[in-house]
Protein chains: 2
Amino acid sequence: MNKAYEIVLAGIERAFLDGSLTLGDRLPGERILAKRFDVARSSVREAIRILDAVGLIRSGVGSGPGAGSVIVSEPAVGLSRALKLHVSARHIAPADVLTTRVVLESDAVATAAKAQLGEGATGPGGPHLRQAEELLTKMGGPDISKESFHDLDARFHRELCAAAGNPVTDIILASLASSILGYVSAAADTAEDWQSVQDELTRQHAGLLESILAGDPERARHECAAHIHWFAATTGIDAVDT
Amino acid sequence: MNKAYEIVLAGIERAFLDGSLTLGDRLPGERILAKRFDVARSSVREAIRILDAVGLIRSGVGSGPGAGSVIVSEPAVGLSRALKLHVSARHIAPADVLTTRVVLESDAVATAAKAQLGEGATGPGGPHLRQAEELLTKMGGPDISKESFHDLDARFHRELCAAAGNPVTDIILASLASSILGYVSAAADTAEDWQSVQDELTRQHAGLLESILAGDPERARHECAAHIHWFAATTGIDAVDT
DNA sequence: CCTATGTTATGGTCTGACCACATTTGTGAC
DNA sequence: GTCACAAATGTGGTCAGACCATAACATAGG
């Protein structure tokens, strides 16, 4: 705690804890913070860089609204960044990321299905599932590019997780997915018959969503696990060398 | 990607990907990196600060081995830091963290039990479970301080996760635990009869470990979930206001 | 051989300046 | 009075250069 930037970090964290800084607020300017904590501006910047890296603030130049360091809440950004760097450094294997993802996401869809059983479309998961349906339709559309499909695919999965209603699970799953996004894209690029893979994925997506809407937790859980495992095996991600 | 520190970050990440930088290596000095990427040293430092924050490097002053920025692999540090800050900022509720933890940890102990069933003490999880047994003994010892108990408790859980063999799950669980560590300690401090709570926890720990050693995945899964839920309910963490 | 002292290389910090950018404010023409 | 353009302002982003604290290493002296 002797480092200058840690003093700043601790001070800002304290401000969060006592409520004097909340979502949407703007951080005082770097020069002001430097004066307040009696450190150099460069030290303040190092602290701010960390807050930026973990997805707690977003910095913008200029003046007026939108400028300065605004407090946002994007935990997934921070987790993704950390995971992605460790994957790049070969300290984390994409296959292990997928294994964890299976556990969390299978449970999430089961929870979503359970909620659907109890509350139907009126529950908090309803809008997310409707959104998922829309995405599914788009994914099944004609002449869709590989990139668009990947994007829609990721969003589809995110909506399912969101329907489960646990923000932390949501965040972690998003981070896990984005940390190996590069590998997924690369693997898909080398697929010999992408169109058929895409069709199969869409079929599986449809089945999974139907299970959730039908309120069948165990079927949803099983289909989700099978879906991820199938994709991993097909693209060969589960055998990526570390 | 126009920011100077991002150029440095991208360059270092590239070095990881092409293998010219690996675990244990030392990063070139800040002054050298500044020259190489044609940016100021302060910009290099911001990039390094990020790598440090995500647990990819560890910086030390002085000279010789141990000095400079050494590449390490502590993903949990990065994830913990990010989660902890978001919890501090009230963007993540401790209760949601616990919910996610139940899902992951229950599955982890079930996996560990399954592995035990197939391989017995000769499997990769063996050492971890033996370590867990030792920790359990220490936790049951007399005149143990609250702090020691918390520490041993956390390490006990970590060993169980490690026995499951998935490093990513391991990392995430460690991060989840440490992100709400402050709340757990605070809650334990206000417990009226801590000794009896401690006794009950030890009983539950023993039962859980026995289930794993006996190779009973479903019992382990159930006991783990019950254990965490019980503790949360007892300490009141599941009702923390966000 | 061992000790003490200087040397060197490292990250950590500070100062002060300038730039790029976006809003806000002023000012002049009409 | 109104509008368009220019200037002032405040923000993060970047740079250059200096000095400090630390820890290993090199070297001379005992």
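Naming convention: chains lettered A, B, ... in sequence-line order (proteins, then strands); numbering from 1 in each chain.
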Can you tell if the side chain of [X] reaches within under 4.5 Å of the side chain of [Y], non-hydrogen atoms only?
{"X": "B/T111", "Y": "B/N166", "answer": "no"}
{"X": "A/H157", "Y": "A/L173", "answer": "no"}
{"X": "A/L83", "Y": "A/I180", "answer": "no"}

Quick one: does B/R31 reach the base of C/dG11 with a side-chain donor-acceptor pair under 3.5 Å?
yes
Options D/dG12, C/dG11, D/dT11, nucleotide nearest the side-chain atoms of A/R41:
D/dG12
Atom [atom1] of [X] to atom [atom2] of [N]: distance rounded to whole Å?
{"X": "A/E6", "N": "C/dG11", "atom1": "CD", "atom2": "C1'", "answer": "13 Å"}
{"X": "A/K3", "N": "C/dT10", "atom1": "NZ", "atom2": "C1'", "answer": "13 Å"}
{"X": "B/E30", "N": "C/dG11", "atom1": "CD", "atom2": "P", "answer": "5 Å"}
{"X": "A/Y5", "N": "C/dT13", "atom1": "OH", "atom2": "C1'", "answer": "13 Å"}
{"X": "A/I32", "N": "D/dT9", "atom1": "CD1", "atom2": "P", "answer": "16 Å"}
{"X": "A/R58", "N": "D/dT11", "atom1": "CZ", "atom2": "P", "answer": "15 Å"}
{"X": "B/L33", "N": "C/dG12", "atom1": "CG", "atom2": "C1'", "answer": "16 Å"}
{"X": "B/I48", "N": "C/dG12", "atom1": "CD1", "atom2": "P", "answer": "8 Å"}

Give A/G66 one of three labels, base, sugar-phosphate or nothing, depending on what nucleic acid heavy atoms sit under 4.0 Å from its own.
nothing
Base, sugar-phosphate alone, or nothing: which one does B/A4 contact when heavy atoms must sit under 4.0 Å apart?
sugar-phosphate
Around atom CG of B/D38, are there more than 12 heavy atoms of other residues, nucleotides or ligands at under 6.0 Å?
no
Just wondering, more than 12 heavy atoms not from B/K146 lying within 6.0 Å of its NZ?
yes
Rounding to 0.5 Å, atoms CG (B/L56) and CD1 (B/I50) come to a distance of 11.5 Å
Under 4.0 Å from OP1 or OP2 of [N]: is there any side-chain N or O of [X] that close?
{"X": "B/R45", "N": "C/dG12", "result": "yes"}
{"X": "A/R49", "N": "D/dG13", "result": "yes"}
{"X": "B/S43", "N": "D/dC15", "result": "yes"}
{"X": "B/S42", "N": "D/dG13", "result": "no"}

Where A/P28 and A/L33 come nearest, the two heavy atoms and their spacing:
O-CD1, 3.6 Å
Between the two end axes of the helix from C/dC1-D/dG30 to C/dC30-D/dG1, each built from 5 base pairs, what angle do you get to the nearest 10°?
20°
Name the orientation class of the two ring planes belonging to A/H205 and A/F156 (parallel below 30°, tilted from 30 to 60°, perpendicular beyond 60°).
tilted
Name the residue from B/Q131, B/R130, B/H128 that meets the side-chain hydrogen bond (donor to acceptor under 3.5 Å, both in side chains) definition with B/E159.
B/H128
Review item, side-chain donor-acceptor pairs of residues 60-76 of chain B, under 3.5 Å, at least two apart:
| residue | atom | partner | partner atom | Å |
| --- | --- | --- | --- | --- |
| B/S69 | OG | B/S59 | OG | 3.1 |
| B/S73 | OG | A/H91 | ND1 | 3.2 |

List every contact pair, protein side and nucleotides 20-25 of chain C side both N or O, where the distance is under 3.5 Å.
none

